Every structure is written in C-alpha cells, then in structure tokens.
Amino acid sequence: MIEFAAPWAFLLLPLPILVWFLVPAHRNRIPALRVPFFRRIAEAADVPARKGSVVLARGPLQIITAILVWCLLIVAMARPEHVGAPIEIKKAARDVVLAIDISGSMDDRDFEAEGERLQRLDAVKRVVGQFVEDREGDRVALVVFGTRPFIQAPFTEDLRSIRELLDQTQVGMAGPHTSLGDAIGLAIRTFEASEVDQRLLILLSDGADTGSRMTPINAAEIARQRGVEIHTIGVGAPDATGEDRVDIDALKEIAQRGGGQYFFADDLAGLTAIYERIDALTPRETQSLSYRPREALAHAPLALAAILALLSTAALQLGTVRRRLS
C-alpha cells in the first residue's frame, strides 16, 4: 500500500497555471541597433514589422514534458511511502527475579521423589527449571546467594539460557552461609534495569540470615517502596538448629512487607505445588506492540522527472541541429 507523508504538497499542482495568468512574462533587455529608415527597409524586404518583445512559443513536447516533470516533483514533495503489512512484537509486561539459596545446607538430601532421596538444590533445580520454561513472555533474572549474593543471569527473555545457568549452579559456589538481606538488596539493584511496572521477586531459602549488611526486613521494606512484589519459599528443616534452621518468621515478614505470600515445602511434590500456585497468582502477561514498516519512494518520481527533462532537452537540441543543417 502506498501512502503520502505530506499530502498537502498536492495543493501546489495548480501553481503553474496561476503563475501563467497572474504573473507577467519575463522580459530580457538586450542591445539593439536603431535604424531611422527601418520601415522602408521592411517594406523593401517585404517583411512585416513586429514588436520588439516576443514571447517565445513552446512546442507540444516542451509543454507535455513540463507538465509531467511538475507533477512528478509534486509527487516527490508529497513523500510517497510503501507501507508494509503490520508487524506485531510482544514485549514482556513483568520482570521476575529468582533468588535461590545455594548455601552449604542446600546439600542435605531430605527431599523425596518417587522413593528417592534428592539433594535440596537438585530438587529446586527441577521445579524452578520447569517454572522458568512455563514463564514464556516474562523477562527473568537469576540471583544465587550464600555468604554473598551474585547475579547468575541478568534479565533476559531467553528462558532456555536461564535454565542452563540454573543447572550449572552448585552448592557452595557463593559461600557456605546465608545472606538473605543482601540477596534482596541485589535483586532491588537488578530491578533498576527494569522498564516495566510489574516486578516480582521469588526468594527461596533453607536457612537464617547470617551477617547481611542490611537486615532482610529493611531490605523487604525498600523493595516494597520500589514496587517489587516478593513471594518467599522456605525449604528444609524448621526444627534444625543454628544456621541450618529455616527462619520461617523472617520469610513470613519479608513476604508480608513485599505484598506477597509465604510458602513452605519439605518434599518435591510440595515444592512443585508452590511454584504452580505462584504461577497462578502471577499469570504471564505481555504487551503487544504493532508497527508497519515504511519504505520511502520519493527518489522514484525524482529520477523519472530528471530522465524526462534530459530526454526533452536532448530532443530539442537535436531538432535545433537538424534545422541548422537544413
């Protein structure tokens, strides 16, 4: 489909006609010889006398060429464009940060699946990996934390890469302890690169905070102020002692301050149900952007006008040469 970006240019089409009728013909003054007996010479030569100023007549070829060239120039000024078929782009409407605890206690084998004892982190990889695959349409980032938090993967829509990086994560890579507050703080900084309003943090941990520079509660309050919704998941043994005991009260308080919910799982089935529940609470959303590609075509009428002008000039020159030779 052809559209014109400046259709007002067509208003200039009648301009030559207005100039023809309203503007007087251009006159050139040139030197001339004054002869007192000019009339006698004209009568002797049998040539009728005419006025000194003559408007040169234009041939049909010149008139037709001038009309066509003017029309083509107006078309070029109107900036014709070829408009292609609509192209739709789907953009993520929600950014999700997955914060996974990989401290030393995640090495415990207390998750059951089909009669088999699984390492906590392996169970988490299975469930979270499937959760990531089902989040088509969201941008996902992966944060792992132990003694210190690290960004394993920044925001991306390449969910396959997120799962591969999650599978490569091992217990103890970030240190043996648990820094809940610092993990939330790093997630907040990760969201600084987000341009969408819906921001979700899913925090999974099996221990208590040990020495974060910022307390988890304060970090959750800052996250709430930044528009980040937080769901927390506790895994492991609530009745354990020391750093291996999952701090249920802290996780509940974090979820409450972050406007989300707290969950607990002690086996693979329970963990799977939790992520299915979170998936239902935060359905995938996308923003559809549509545009139509445009290709400028103004060069085509300009080129055609130039060709017509050159051919017309060449034809006139050739006619002049033939008249002189004859």
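A quick note: this is a predicted structure, and the numbers were derived from the prediction, not measured.
Between Phe4 and Val75, the closest side-chain pair of non-hydrogen atoms falls below 4.5 Å. With a 4.5 Å cut-off on side-chain heavy atoms, Arg135 and Asp279 count as touching. Using a 4.5 Å heavy-atom threshold, the side chains of Ser205 and Val246 count as separate. In this structure the side chain of Cys71 reaches within 4.5 angstrom of the side chain of Leu13, judged on heavy atoms. Using a 4.5 Å heavy-atom cutoff, the side chains of Tyr275 and Asp134 are not in contact. Using a 4.5 Å cut-off on side-chain heavy atoms (C-beta onward), Leu165 and Gln168 make contact. Looking at Ile233 and Leu203, their side chains never come closer than 4.5 Å, going by heavy atoms from C-beta outward. Using a 4.5 Å cut-off on side-chain heavy atoms (C-beta onward), Val96 and Arg139 make no contact.
Taking a 6.0 Å sphere around CZ of Arg117, one finds it holds more than 12 heavy atoms contributed by other residues, nucleotides or ligands. For Leu18, the CG atom counts as densely surrounded, since its 6.0 Å shell holds more than 12 non-hydrogen atoms of other residues, nucleotides or ligands.
A tilted orientation is assigned to the rings of Phe155 and Phe191, their planes being inclined by 30° to 60°.
Taking all atoms of both residues into account, the shortest heavy-atom contact from Thr232 to Ala255 is OG1-CB, 3.5 Å. The two atoms that bring Phe111 and Ala123 nearest to each other are CD2-CB, 3.6 Å, heavy atoms only. Across every non-hydrogen atom of Gln170 and Leu121, the tightest pair is C-CD2, 3.8 Å. Contact between Pro301 and Leu297 at its shortest, heavy atoms only, is CD-O, 3.0 Å. Of all heavy-atom pairs spanning Ala85 and Pro293, the tightest one is O-CD, 3.4 Å. For the residue pair Ile162 and Ala141, the shortest heavy atom distance occurs at CD1-CA, 4.5 Å.
Interatomic distance, CD of Gln198 versus CG of Asp138, reported as 8.5 Å (0.5 Å rounding). In this structure, CD1 in Ile102 is found 12.0 Å from CG in Leu204, a value given to the nearest 0.5 Å. In this structure, Arg126 CZ and Asp122 CG are separated by 7.5 Å, a value rounded to the nearest 0.5 Å. Residue Ser161 holds its OG atom at 11.5 Å from CG of Leu142, rounded to the nearest 0.5 Å. Taken from CH2 in Trp70 to CG in Leu12, the straight-line distance is 6.0 Å, to the nearest 0.5 Å. His177 NE2 to Asp182 CG: the interatomic distance, rounded to the nearest 0.5 Å, is 13.0 Å.
Inspection of the Asp101 and Ser103 side chains reveals an N or O donor paired with an N or O acceptor under 3.5 Å. No hydrogens or angles considered: a donor-acceptor pair under 3.5 Å links the side chains of Thr215 and Asn218.
At distances below 3.5 Å, not a single donor-acceptor pair connects side-chain atoms of His231 with backbone N or O atoms of Ile202. Looking only at distances, no side-chain donor or acceptor of Ser194 sits under 3.5 Å from a matching main-chain atom of Thr190. Judged purely by atom type and a 3.5 angstrom limit, Ser312 has no side-chain atom pairing as donor or acceptor with the backbone of Leu308. A donor-acceptor contact shorter than 3.5 Å links the side chain of Ser179 to the backbone of Gly146.
Ion pairing between Glu192 and Arg189 fails under the 4.0 Å rule for side-chain N and carboxylate O. Salt bridge status for Asp167 with Lys125: absent, with no side-chain N to carboxylate O gap under 4.0 Å. A salt bridge between Arg257 and Glu253 is present, with a side-chain N of the basic residue lying under 4.0 Å from a carboxylate O of the acidic one.
Residues satisfying the side-chain hydrogen bond (donor to acceptor under 3.5 Å, both in side chains) criterion with Arg163, sequence neighbours excluded, are Glu133.
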Could you check Leu73 against Leu302 for side chain to side chain contact (heavy atoms under 4.5 Å, CB included), going step by step and ending with a plain yes or no? CA-CA 6 Å; Leu73 290 177; Leu302 286 175; 3.8 Å; yes
Test log, rule side chain to side chain contact (heavy atoms under 4.5 Å, CB included), inputs Leu251 and Phe264: CA-CA 10 Å; Leu251 293 176; Phe264 179 79; over 6 Å; no
Let me see the working for Leu159 and Val140 under side chain to side chain contact (heavy atoms under 4.5 Å, CB included), right down to the final yes or no. CA-CA 7 Å; Leu159 303 184; Val140 178; 3.7 Å; yes
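When the options Asp107, Asp206, Asp266 are evaluated for a side chain to side chain donor-acceptor pair (under 3.5 Å) with Arg120, the one that passes is Asp206.
Cluster annotation: Val143 is not connected to Ile100 through the hydrophobic network of ILVMFWY side chains, with a link wherever side-chain heavy atoms come within less than 4.5 Å. Cluster annotation: Phe10 and Leu15 are assigned to the same hydrophobic cluster (Ile/Leu/Val/Met/Phe/Trp/Tyr, side-chain heavy-atom contacts under 4.5 Å, transitive). Under the 4.5 Å side-chain heavy-atom criterion for Ile, Leu, Val, Met, Phe, Trp and Tyr, Leu201 and Val144 are members of distinct hydrophobic clusters. Hydrophobic clustering of Ile, Leu, Val, Met, Phe, Trp and Tyr side chains at less than 4.5 Å, counting indirect connections, keeps Val124 apart from Ile248. The hydrophobic clustering, which links ILVMFWY residues whose side-chain heavy atoms are closer than 4.5 Å, places Met106 and Phe145 apart.
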